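Working notes, structure below.
One-based numbering, in listed order, for ligands and for the atoms of each. Values in this document were obtained by computation on a predicted structure and should not be read as measured data.
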Amino acid sequence: MKNYQMYINGEFVESNETISVINPSDKKIISYIPKGTIEDVNAAVNAAEVVQDSWGKLPAIERAEYLHKIAQKIRDNVDMLAYTITQEQGKVLGLAKVEVNFTADYMDYMAEWARRYEGEIIQSDRPNENIFLFKLPIGVAAGILPWNFPFFLIARKLAPAFVTGNTIVIKPSSETPNNAFEFAKLVDEVGLPKGVFNLVSGEGSVVGNSLASNEKVGIISFTGSVPAGVKIMEAAAKNVTKVSLELGGKAPAIVMGDADIDLAVEAIKNSRVINNGQVCNCAERVYVHSSIADEFIEKITNAMKVITCGNPLEEVDMGPLINEAAIHNVQRLVDSAVEAGARITTGGKRVNREDGFYYEPSILVDVKQDMAIIQEEIFGPVLPIMTFDTLDEAIALANDCEFGLTSSIYTQNIDIAMRACKEIKFGETYINRENFEAMQGFHAGWRKSGIGGADGKHGLEEFLQTKVVYLQYNMNKQ
Ligand code: NAD
C-alpha cells in the first residue's frame, strides 16, 4: 500500500486527510493520497507565482533542457509507470506502455519548440516606427486532469507551459493520481527550480475549484467532462482567467457504400474498445450506408465477439471500466435504447464476475437519432449503429450533436471525402483510419467539446500571450 504526498514548492507535503484509490480490476485499495485543501492550493499557486519571473526569463532552450531530462527519466521508468497506470486506471499494460513512451516523446517534441516559436515585426503606417509583436508567458498555469489518459495529459499541459516560460500546478483525477505522484518523484530528481512544478490532489469541487478561482492563475488548462468544464468557466469568469477546455466527445463514423468494409470494421472496432471504450476521441456512433449495412453489422458484431476482457495486466484486449458509476451509466444508455426499440447483436451487459468493473463489448442496431445512446457520451465499449441512404443525410445525422470533437468517414471516393471534411462540423475528421491524434496536429473540440485546443504550434500558442510594442525612432539622428 502506497501513501503519497503532494509536491509544493519543491517539497513533498503531508495532509491531514486522505482519499483511497481503488484498482478497478479487483476493487482493492492500492494507495492513499492527500485530500488537499484550499490552503494547499494557495501555497502551490504562490510558489508557482514567485518563481515564474526568473523561470520565464531563462532562455527557452534552457527550459527545454529540463523537459528533455524529464523525458529521459520517464523512459528510464517505463515499466514502473505503465504498471502504475494499469493498476489504477485499468487500461491494458501494452497501451499503458504506449502512453508512457508517447508522453516522453511529447516532452521532447514540445522542448524542440524552444528555438522555433516566434514573435513578429509588423509594418507601421509611420516612416520612423517599428511595431514588434512579442510572445510572452502568461504566468501560472493550472492543469486539471481526467482519469482516462492521466499520464499523457500531464505532458499535454506541462510541456507547452514550460517551454513558453509558464510555471504550473497540476491537479490529477482522484481516480488515477498515483502516476502523477510517481511523476513528481521523477521531476524532483531532475532539479527543476523550486515552485516551477507543483502537484496538488483532492476533490474537484474543492481543490479543482480553488485552482480555477485563484486570481494568480493565468490560464486553466482543463481536460474532462462538460459539467466540470462549465463549473471551471464559471469560477474563471470571476477573475476573467483564460480557459482552455478539452471536453467530451461523441464521434460519428460514417461508412459509405463504397468503403473498404474490412478496413472500416477493424478501425472502428479498435477505436471502440481501446482503453476499454473510454476515450474522448473514439467512434461512439456509426452511420452505415444501407447498401452494405448487413455485411458491416455482421462483421463488426463478429469482431466484437472475439474481444477478450479481463485483468489488464494479462494478455487481454480490454480491461475494466473505471468505476461502478461508469457501469451504471453504460447500462442506463443500453437499457433505454433497448426499451425504445434497439436490438443488441452482441454484449449489452456487465461481465458476470464480481471482482471488477467489467462490461461486455457491445453492438446495438435499429437505433434512432433521438435516443440517448446516440446523443450522450457512452464512455464504454458500446457501439450504436444506424443506417442512411444519402451523403447529405449522413452528414446531417453526424452534425446533429452537441459535441464536436472528432469524426471519421470511410470511402474510396475523393469527392465524398473532400465534401465530408468541409461539411462535418467537428474539430477533427479522420478519413479511412482510426481516430487518434498526432502530437504535431491540433486537438480541439467544437461546440460543447471545448474551447481552444492542444498539440502542435497552435496548442503551444495557448500558453502564450501577445504584447505589441511601438518603437518610434528619430530619423534625423546622425
Ligand atoms: P471530470 O470532469 O469528472 O473530472 C476531470 C477533472 O476535473 C478531475 O480532476 C476532477 O477532480 C476535476 N473537477 C471536477 N469538478 C470540478 C470543479 N467543479 N472544478 C474544478 N475541477 C473539477 O472528468 P473525468 O470523468 O475525469 O474524465 C472523463 C471525461 O473527460 C469525459 O467526458 C471525456 O470525454 C473527457 N476527456 C476529454 C478529452 C479531450 O481531449 N477532449 C480527453 C480525455 C478525456
Side-chain angles (χ1 to χ4, degrees), residues 19 21 24 33 35-36 38 41 88-91 99 142-157 169-177 179-180 199-214 217 220-238 241 243-251 274-284 321-323 325-326 329-330 376-380 401-407 426-428 435-437 439 441-455 459 462:
I19 298 173
V21 179
I33 63 155
K35 189 172 178 181
I38 296 172
V41 171
E88 63 186 330
Q89 195 254 294
K91 62 166 52 87
E99 179 174 351
I144 303 179
L145 313 182
W147 48 260
N148 65 340
F149 280 91
F151 194 65
F152 165 60
L153 281 155
I154 299 174
R156 215 181 217 174
K157 315 293 184 202
V169 181
I170 292 280
K171 183 228 164 296
S173 164
S174 303
E175 306 281 354
T176 56
N179 67 88
L199 179 67
V200 292
S201 57
E203 292 171 342
S205 56
V206 178
V207 171
N209 180 262
S210 54
L211 259 182
S213 312
N214 192 308
V217 169
I220 304 153
S221 179
F222 169 73
T223 303
S225 63
V226 174
V230 169
K231 289 207 172 106
I232 284 169
M233 273 186 94
E234 284 169 1
K238 293 184 194 115
T241 307
V243 291
S244 177
L245 305 177
E246 292 179 60
L247 308 179
K250 187 72 193 168
I274 187 172
N275 207 25
N276 321 332
Q278 304 163 119
V279 190
C280 59
N281 63 7
C282 283
E284 279 248 337
L321 300 192
I322 190 69
N323 53 31
N329 189 47
V330 171
E376 292 180 26
E377 197 176 34
I378 304 172
F379 242 53
C401 176
E402 65 179 14
F403 296 103
L405 190 58
T406 71
S407 55
F426 285 72
E428 283 161 40
N435 309 15
F436 224 89
E437 63 266 22
M439 62 180 79
F442 186 54
H443 181 58
W446 296 9
R447 298 189 289 283
K448 284 195 180 162
S449 291
I451 294 175
D455 308 337
E462 292 281 279

So, taking the atom named [atom1] in [X] and the one named [atom2] in [Y], what distance separates them when rounded to the nearest 0.5 Å?
{"X": "Asn148", "Y": "Cys280", "atom1": "CG", "atom2": "SG", "value": "6.0 Å"}
{"X": "Leu153", "Y": "Leu145", "atom1": "CG", "atom2": "CG", "value": "6.0 Å"}
{"X": "Ile322", "Y": "Gln89", "atom1": "CD1", "atom2": "CD", "value": "5.5 Å"}
{"X": "Ser201", "Y": "Lys35", "atom1": "OG", "atom2": "NZ", "value": "11.0 Å"}
{"X": "Ile220", "Y": "Leu245", "atom1": "CD1", "atom2": "CG", "value": "8.5 Å"}

Name the closest protein heavy atom to [atom], giving the residue it belongs to and the distance to 0.1 Å.
{"atom": "atom 28 (C) of ligand 1", "value": "Phe379 CE2, 3.9 Å"}
{"atom": "atom 35 (C) of ligand 1", "value": "Gly224 O, 3.2 Å"}
{"atom": "atom 43 (C) of ligand 1", "value": "Asn148 OD1, 3.1 Å"}
{"atom": "atom 20 (C) of ligand 1", "value": "Gly208 C, 3.2 Å"}
{"atom": "atom 37 (C) of ligand 1", "value": "Leu247 O, 3.1 Å"}
{"atom": "atom 7 (O) of ligand 1", "value": "Phe222 CE1, 3.1 Å"}
{"atom": "atom 13 (N) of ligand 1", "value": "Gly204 CA, 3.5 Å"}
{"atom": "atom 27 (O) of ligand 1", "value": "Pro146 CB, 3.3 Å"}

I want to check a possible cation-pi pair here: Lys231 against Phe222, using under 6.0 Å from ring centre and within 45° of the ring axis as the test.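 Relative to the ring axis of Phe222, which defines the angle, Lys231 lies outside at least one limit.
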Minimum heavy-atom distance between [X] and [Y], given as atom pair plus value:
{"X": "Phe149", "Y": "Phe436", "answer": "CZ-CZ, 4.3 Å"}
{"X": "Gly249", "Y": "Ser449", "answer": "CA-OG, 4.2 Å"}
{"X": "Phe426", "Y": "Ser407", "answer": "CB-OG, 3.6 Å"}
{"X": "Gly380", "Y": "Val330", "answer": "CA-CG2, 4.0 Å"}
{"X": "Ala444", "Y": "Gly452", "answer": "CB-O, 3.3 Å"}

What I want to know is whether [X] and ligand 1 share at least one N or O pair that is separated by under 3.5 angstrom.
{"X": "Ser225", "result": "yes"}
{"X": "Ile144", "result": "no"}
{"X": "Glu246", "result": "yes"}
{"X": "Glu377", "result": "yes"}
{"X": "Trp147", "result": "yes"}
{"X": "Ser449", "result": "no"}

Where does [X] meet ligand 1, judged by heavy-atom distances below 4.0 Å: at the side chain, the backbone, both, or neither?
{"X": "Phe149", "answer": "neither"}
{"X": "Leu145", "answer": "backbone"}
{"X": "Val279", "answer": "neither"}
{"X": "Pro172", "answer": "backbone"}
{"X": "His443", "answer": "side chain"}

Does a salt bridge link Lys250 with Glu284, judged by any charged N lying under 4.0 Å from a carboxylate O?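 Result for this pair is yes, salt bridge flagged.
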Determine, for Glu377 against Lys448, whether the closest basic-nitrogen to carboxylate-oxygen distance falls under 4.0 angstrom.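 Judged by the 4.0 Å cut-off on N to carboxylate O distance, Glu377 and Lys448 do not form a salt bridge.
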Given Glu437, Arg156, Lys171, which has its nearest heavy atom closest to atom 11 (O) of ligand 1?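 The option holding the nearest heavy atom is Lys171.
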From atom 39 (C) of ligand 1, work out which of Gly229, Ala444, Cys280 has a heavy atom at the shortest distance.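 When every heavy atom of Gly229, Ala444, Cys280 is considered, Cys280 comes closest to atom 39 (C) of ligand 1.
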Applying a strict 4.0 Å limit to heavy atoms, is Ser173 in contact with ligand 1?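 Judged by the 4.0 Å heavy-atom criterion, Ser173 does count as contacting ligand 1.
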Just jot down the ligand 1 atoms closer than 4.0 angstrom to any heavy atom of Ala228, in number order.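 Once the distances to Ala228 are compared, the set is 2 (O), 14 (C), 15 (N).
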For Thr223, atoms of ligand 1 separated by under 4.0 Å from a heavy atom: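 Reading through ligand 1 atom by atom, the close ones are 5 (C), 36 (N), 37 (C), 38 (C), 39 (C), 42 (C), 43 (C), 44 (C).
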Side-chain heavy-atom pair Ile154, Asn179 within 4.5 angstrom cut-off: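 Yes. Closest side-chain heavy atoms under 4.5 Å.
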